[in-house]
Amino acid sequence: MHKIKIEQFEGPLDLLLQLIEEQKLEITKVSLASVTEQYIEILNQSAQEQIPAAELADFLVVAARLLLIKSRALLPFLDWGEEEEGEELTKQLKIYKEYLEASKVITAMVAKKHFSFSRQKLLTGNEIEFSPPPKLTKDKLAATFLEVIRGLDPILNLPTEVIRKTINIQEKISQIRKRIYQQATTNFSEILREAENKTEVIVSFLALLELIKQRVVSVRQDKVFEDILIEKLG
Amino acid sequence: MSNLKSKIESLLFITNQPLSVKRLISLTNSEKDKVQVAIDELITDYNQAEKGIAIQKIGDQIQMVTAADNTKLVKDFIKEETTGELTKASLETLTIIAYRGPVSRAELEQIRGVNCVVILRNLLMRGLIESKEDKKKMQTTYNITFDFLKFLGLNQQSELPDFEKLNSNESLEKILSPEMSALEQS
Amino acid sequence: MSNLKSKIESLLFITNQPLSVKRLISLTNSEKDKVQVAIDELITDYNQAEKGIAIQKIGDQIQMVTAADNTKLVKDFIKEETTGELTKASLETLTIIAYRGPVSRAELEQIRGVNCVVILRNLLMRGLIESKEDKKKMQTTYNITFDFLKFLGLNQQSELPDFEKLNSNESLEKILSPEMSALEQS
């Protein structure tokens with residue numbers, strides 16, 4: 001595989017864009033399909049060090065979308081439902097690229113250190129004497145403080161929520177892995193048939209790919225565009 | 001009795017916070033249209049090359065600031081230690097908010113493709129963005145603050161390069177399929 | 001590079017004190033004659049009927065002030081800003097300082113999730129809080145003033161309602177914990 005030189009990325013779209021640009025490709029469905037494996041490779045390598053826990057789920061979702069696009073290209077005979085995924089991701093990536101480029105311009109503007117400043121203290125003429133808000137009481141302070149404390153909940157729950165979201169995706173992968181494992185030999189179209197929605201289709205691919213990598217299963221395709229036969233190894 | 005323009009100029013001069021059109025209407029006890037005209041005139045008067053004072057505008061808020069040409073002089077004088085250093089992720093987020101603000105978190109996340117809760121909180125704490133409840137749409141929207149505008153050396157968001165194009169970029173609502181959004185929220 | 005007049009205009013605007021010609025010469029690093037000419041031009045520009053800002057020259061001291069016609073408006077505005085009830089944001093900040101003081105700006109912003117610079121300046125101005133340099137930690141901390149305590153009818157901070165319980169609330173400890181700050185950095 002072409003050696004990839006990606007050192008730093010901000011989010012899944014940034015990574016994807018860098019992969020495409022590295023190969024000097026335009027943003028199209030075809031180029032998305034062609035960088036899918038590299039994307040997943042990098043995801044596996046960097047998940048620990050470079051991707052904050054809060055963002056892992058987002059990286060996985062893009063991986064899933066890429067796999068779906070690639071699968072469609074490889075296995076057009078399967079019933080995929082409406083074709084949207086490729087268009088959507090292509091469009092999203094193009095828009096992201098526009099803002100990414102704008103952000104480089106903004107970065108250069110800020111770096112020029114062309115700053116304005118506003119008045120720091122109200123211009124009052126005379127010194128202001130001690131002036132408490134007339135109606136403020138200690139009970140009002142207590143009530144306000146309680147409100148402040150309650151307002152902290154969403155941010156305090158954030159880490160738990162992020163983890164839950166990531167687990168959700170990972171769990172789906174392991175469910176499907178189990179199913180393949182139990183049925184010694186199965187056709188991929190069979191798995192697709194059982195999938196309840198597009199998300200599960202995508203996740204099936206993630207699972208299949210991982211199982212192949214771990215040498216748990218092997219896949220066989222007699223002719224291009226024909227159904228894939230999955231067999232348990234050993 | 002002085003005219004309205006002069007009154008607004010006085011208020012902008014002494015305050016240390018941005019003033020909204022609404023507040024100016026009530027302070028000067030004047031009609032909205034007239035306040036608006038007076039503000040526009042002041043902006044035209046001040047925002048010229050060679051002026052040492054400028055007027056910045058975000059939404060319906062305005063603030064008087066020193067001209068960006070005099071950065072070093074003013075910075076040294078008020079002993080401000082601002083360096084304007086920002087991470088790549090912060091700048092990416094700020095850029096989208098600057099061009100599209102007021103913008104919802106969902107829209108921001110659709111463009112960046114990544115959860116933005118943490119970075120938004122970070123930018124809020126640094127005073128570079130502010131949040132506002134949009135009561136009609138029942139959602140929170142984010143926009144840049146005067147503090148960020150002051151870093152850019154611009155007087156209004158609309159002076160950003162390619163503003164028209166990047167501000168009116170087609171809606172991204174439909175970019176993510178419903179199932180995908182469901183997965184992300186699950 | 002901006003011209004001298006613009007520089008002096010910026011300085012006169014941003015300061016809350018009169019500036020001497022001598023000081024302006026040294027700040028702008030310019031010749032006396034040129035500074036004098038620039039000041040005279042600014043005085044001509046500003047001291048016109050219908051302007052909301054005027055430039056006063058008393059002896060050697062130059063100061064930008066509001067136009068005399070707007071005295072009442074300006075006074076009312078200052079009164080509103082300095083003696084009125086607090087905004088929700090200011091009240092929240094004051095409350096946290098009351099229950100958690102001495103507290104640093106970083107801690108305050110961590111709890112409130114928004115920037116507090118301007119609010120702190122205004123609370124300081126009204127004599128509700130005071131700042132102190134914590135030399136060990138190399139940071140400024142804020143606490144409520146004795147005047148404010150007395151105003152509430154208290155002798156000590158610990159007499160605030162439910163002080164023990166609220167001061168050491170678990171959520172507060174969590175939000176200020178190193179793990180939480182680590183998440184924010186990510």
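The model shown is predicted, which means the values in this text are computed figures rather than measured ones. Computation of the quantities below employed the complete heavy-atom set of this structure, encompassing side-chain atoms and omitting hydrogens, waters and symmetry-equivalent molecules.
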Measure the spacing between [atom1] of [X] and [atom2] of [Y] and express it to the nearest 0.5 Å.
X	Y	atom1	atom2	result
A:Thr107	B:Glu92	OG1	CD	9.5 Å
A:Glu98	B:Ile111	CD	CD1	10.0 Å
B:Leu154	A:His114	CG	NE2	9.5 Å
A:Lys121	B:Ile14	NZ	CD1	15.5 Å
B:Lys88	A:Gln8	NZ	CD	6.0 Å
A:Glu10	B:Leu91	CD	CG	10.0 Å

Heavy-atom pairs under 4.5 Å with chain A are the metric here; pick the option from [options] that has the most.
options	result
B:Val114, B:Asn155, B:Asp147, B:Ile53	B:Val114
B:Phe13, B:Phe148, B:Tyr99	B:Phe13
B:Met64, B:Glu80, B:Lys75	B:Lys75
B:Ile78, B:Leu149, B:Thr95, B:Asp162	B:Thr95

Audit row: A:Phe117, B:Val65, side-chain contact (heavy atoms from CB on, under 4.5 Å) steps and yes/no: CA-CA 5 Å; A:Phe117 299 92; B:Val65 297; over 6 Å; no
Would you say that more than 12 heavy atoms from the other residues, nucleotides or ligands in this model lie under 6.0 Å from the [atom1] of [X], or not?
X	atom1	value
A:Asp153	CG	yes
A:Lys140	NZ	no
B:Gln139	CD	yes
A:Glu26	CD	no

Contact part of [X] toward chain A, heavy-atom cut-off under 4.5 Å: side chain, backbone, both or neither?
X	answer
B:Phe146	neither
B:Leu160	side chain
B:Glu85	neither
B:Lys72	neither
B:Ala67	backbone

[X] (side chain) donor-acceptor with [Y] (main chain) under 3.5 angstrom:
X	Y	value
B:Arg112	A:Gly11	no
B:Asn16	A:Gln120	yes
A:Ser116	B:Thr66	yes
A:Tyr99	B:Leu166	yes

A:Asp58 and B:Gly113: which non-hydrogen atoms are nearest, and at how many Å?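 Scanning both residues, the minimum pair turns out to be CB-O, 3.6 Å.
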Exercise: identify the closest heavy-atom pair between A:Ile155 and B:Arg121: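 Closest pair (atom of A:Ile155, atom of B:Arg121, distance): CD1-CD, 3.0 Å.
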A:Ile106 side chain reached by B:Leu152 side chain, heavy atoms, under 4.5 Å: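 Yes - at least one pair of side-chain heavy atoms lies under 4.5 Å apart.
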A:Ser118 and B:Gln17, any side-chain heavy atoms less than 4.5 Å apart: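 Answer no - side chains too far apart.
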Parallel, tilted or perpendicular: rings of A:Phe115 and B:Phe151 (30°, 60°):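 Judged by the thresholds at 30° and 60°, the geometry between B:Phe151 and A:Phe115 is tilted.
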Which bit of A:Val110 is near chain B, if near means a heavy-atom gap under 4.5 Å: side chain, backbone, both or neither?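 Both the backbone and the side chain of A:Val110 come within 4.5 Å of chain B.
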